[in-house]
A.B. asks: 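Following this message is one structure expressed as structure tokens.
Throughout, residue positions are numbered sequentially from 1 according to the sequence presented. As the structure is a computational prediction, the values presented were derived from the model and not from experiment.
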Amino acid sequence: MTLDIMLSAFPAALPQSGTAAVILTVVSILLNLAVCFFGFRLFKVLVTILGFLGGVCLGLAAMFQVDWPVWSKVLLALLPGLLLAVLALKIYKVGVFLFCGLLPGVLLTVTLGTWIGLIAFLVFGVLGVLLTRFYIIAVTSVSSGLLVGQQLLALISLSNAVAAAVVGLVLAMLGFVFQWKTTKKVDPQTGAPSC
């Protein structure tokens with residue numbers, strides 16, 4: 001999931017065919033499978049990455065508004081990323097809010113516009129805070145499972161949307177059940193068993 005967000009930002013630079021494209025697809029499949037089956041346990045890492053990416057996006061927006069030397073522009077782009085990464089990791093509920101709101105917010109901003117994306121970011125962020133365990137497991141298993149379904153069929157050069165959806169939904173259900181059963185007594189903030 002996270003890799004796909006990063007890779008989608010650079011579509012022109014990525015190889016569309018050949019060995020490099022196959023390697024990128026396989027790496028993305030493996031990472032998405034890990035998120036699909038272990039997303040709740042990987043939560044801290046994912047939140048830190050998303051916090052960093054969100055902060056860098058804010059920093060890049062600010063960077064293009066100033067006429068400063070290059071080194072200070074780079075610093076301006078990276079500083080909010082580092083700050084949000086630390087905040088997401090240290091302040092657990094902020095991390096949950098960012099993790100649960102960022103993906104739907106970005107997707108709806110791209111497809112339906114800024115205001116819809118902002119509303120989605122806020123709504124899904126709040127839902128994530130209220131229903132943390134269920135929501136994190138659902139978001140990681142469903143989004144990553146569906147992506148793997150598409151990628152697996154693309155890897156074997158089979159373009160059938162229904163088959164990709166079926167494979168993705170089966171993986172999503174397996175990932176959800178696996179995460180739900182194996183994380184029942186795990187605290188997502190520390191990764192340690194809880195009472």
A.B. asks: I would like to know whether Leu122 and Phe97 meet side-chain contact (heavy atoms from CB on, under 4.5 Å); could you show each step before the answer?
C.D. replies: CA-CA 8 Å; Leu122 295 172; Phe97 183 84; 3.9 Å; yes
A.B. asks: Is any side-chain heavy atom of Phe52 closer than 4.5 Å to a side-chain heavy atom of Leu84?
C.D. replies: no
A.B. asks: Say you draw a straight line from CG of Leu87 to OG1 of Thr48; how long is it, rounded to the nearest 0.5 Å?
C.D. replies: 11.0 Å
A.B. asks: Nearest 0.5 Å, what's the CG-CG distance between Leu153 and Asn160?
C.D. replies: 7.0 Å
A.B. asks: Return the minimal non-hydrogen interatomic distance between Gln179 and Thr140, and the atom names on each side.
C.D. replies: NE2-OG1, 3.1 Å
A.B. asks: When the ring planes of Trp180 and Phe134 are compared, do they come out parallel, tilted or perpendicular, using 30° and 60° as the limits?
C.D. replies: perpendicular
A.B. asks: Please check this pair: side chain of Ser144 against backbone of Ser141, looking for a donor-acceptor N/O pair closer than 3.5 Å.
C.D. replies: no
A.B. asks: Do the non-hydrogen side-chain atoms of Leu155 and Gln151 ever get within less than 4.5 Å of each other?
C.D. replies: no
A.B. asks: side-chain contact (heavy atoms from CB on, under 4.5 Å), that's the test. Do Val74 and Met63 meet it? Break it down for me.
C.D. replies: CA-CA 8 Å; Val74 171; Met63 181 181 84; 5.6 Å; no
A.B. asks: Please step through side-chain contact (heavy atoms from CB on, under 4.5 Å) for the pair Trp68 and Leu76, ending with a clear verdict.
C.D. replies: CA-CA 10 Å; Trp68 293 352; Leu76 181 62; 3.9 Å; yes
A.B. asks: Val142, Leu131: one ILVMFWY side-chain cluster at the under-4.5 Å cut-off?
C.D. replies: no
A.B. asks: Supply the atom-to-atom distance Leu169 CG to Leu146 CG, rounded to the nearest 0.5 angstrom.
C.D. replies: 5.5 Å
A.B. asks: Measure across Phe37 and Phe178 and return the closest heavy-atom pair with its distance rounded to 0.1 Å.
C.D. replies: O-CD2, 3.2 Å
A.B. asks: Atom NZ of Lys73 and atom CG of Leu78: how far apart are they, to the nearest 0.5 Å?
C.D. replies: 14.0 Å
A.B. asks: May I have the list of side-chain donor-acceptor pairs in residues 98-121 shorter than 3.5 Å, sequence neighbours left out?
C.D. replies:
residue	atom	partner	partner atom	Å
Thr109	OG1	Gly105	O	2.7
Thr111	OG1	Leu107	O	2.9

A.B. asks: Taking the side chain as everything from C-beta on, heavy atoms only, tell me whether Phe124 gets closer than 4.5 Å to Val139.
C.D. replies: no
A.B. asks: For Pro80 and Gly59, work out which heavy atoms get closest and say how close.
C.D. replies: CG-CA, 3.8 Å
A.B. asks: Do you reckon Leu79 sits in the same ILVMFWY cluster as Leu58, going by side-chain contacts under 4.5 Å, direct or chained?
C.D. replies: no
A.B. asks: Check whether Phe40 and Val129 end up in the same hydrophobic cluster, where Ile, Leu, Val, Met, Phe, Trp and Tyr are linked by side-chain heavy atoms less than 4.5 Å apart.
C.D. replies: yes
A.B. asks: With side chains defined as the heavy atoms from C-beta onward, is the minimum distance between Leu171 and Leu33 less than 4.5 Å?
C.D. replies: yes
A.B. asks: If you look at every heavy atom in Leu42 and Ala34, which pair is closest and at what distance?
C.D. replies: CD1-O, 3.8 Å
A.B. asks: Just by modelled atom types, is the Leu24 backbone N or O under 3.5 Å from a matching donor or acceptor in the Ser28 side chain?
C.D. replies: no
A.B. asks: Would you say Leu147 and Met173 are hydrophobically clustered, going by side-chain heavy atoms of ILVMFWY under 4.5 Å?
C.D. replies: no
